[in-house]
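The figures here come from the full heavy-atom set of this structure, side chains too, leaving out hydrogens, waters and symmetry mates.
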Amino acid sequence: MHGRNREDIYPGLEVDIILKKDQRSGKKTRGIVKDLLTSSPYHSRGIKVRLEDGQVGRVAEIVEE
């Protein structure tokens with residue numbers, strides 16, 4: 001599932017994000033959501049989040065168990 005709708009993302013969720021420095025390559029970083037940084041209900045490039053380890057990026061994909 002993509003990470004463009006804010007309602008689909010919540011703290012504690014495992015996601016793959018794309019960090020600002022990795023936007024060109026598309027390299028994904030996996031982690032657990034700590035904070036949601038985008039306030040709008042939808043964002044075309046993905047909702048911006050902060051992971052528990054402090055990294056910030058846009059959600060590329062929600063990890064399904």
Rounded to the nearest 0.5 Å, what separates atom CG in Leu37 from atom NZ in Lys48? 7.0 Å

Hydrophobic cluster membership, Leu19 vs Val33, 4.5 Å side-chain cutoff: yes

With rounding to the nearest 0.5 angstrom, report the NZ to CG distance, Lys34 to Leu36. 13.0 Å

Spatial distance of atom OG1 (Thr29) from atom CD1 (Ile18) [nearest 0.5 Å]: 8.5 Å

Can you name the side-chain hydrogen bond (donor to acceptor under 3.5 Å, both in side chains) partners of Glu14, sequence neighbours left out? none

Below 3.5 Å, can you tabulate the donor-acceptor pairs from side chains in residues 1-12 to any protein atom, sequence neighbours excluded?
| unit_1 | atom_1 | unit_2 | atom_2 | d |
| --- | --- | --- | --- | --- |
| His2 | ND1 | Arg4 | N | 3.3 |
| Arg4 | NE | Ser44 | O | 3.1 |
| Arg6 | NE | Thr38 | O | 2.6 |

Taking all non-hydrogen atoms of both residues into account, name the closest pair between Arg30 and Asp16 and its distance. NE-OD1, 2.8 Å

Reported CD1-to-NZ distance for the pair Ile17 and Lys28, which is rounded to 0.5 angstrom: 12.0 Å

Test Asp35 against Val56 for side-chain contact (heavy atoms from CB on, under 4.5 Å), laying out the working first. CA-CA 9 Å; Asp35 301 310; Val56 174; over 6 Å; no

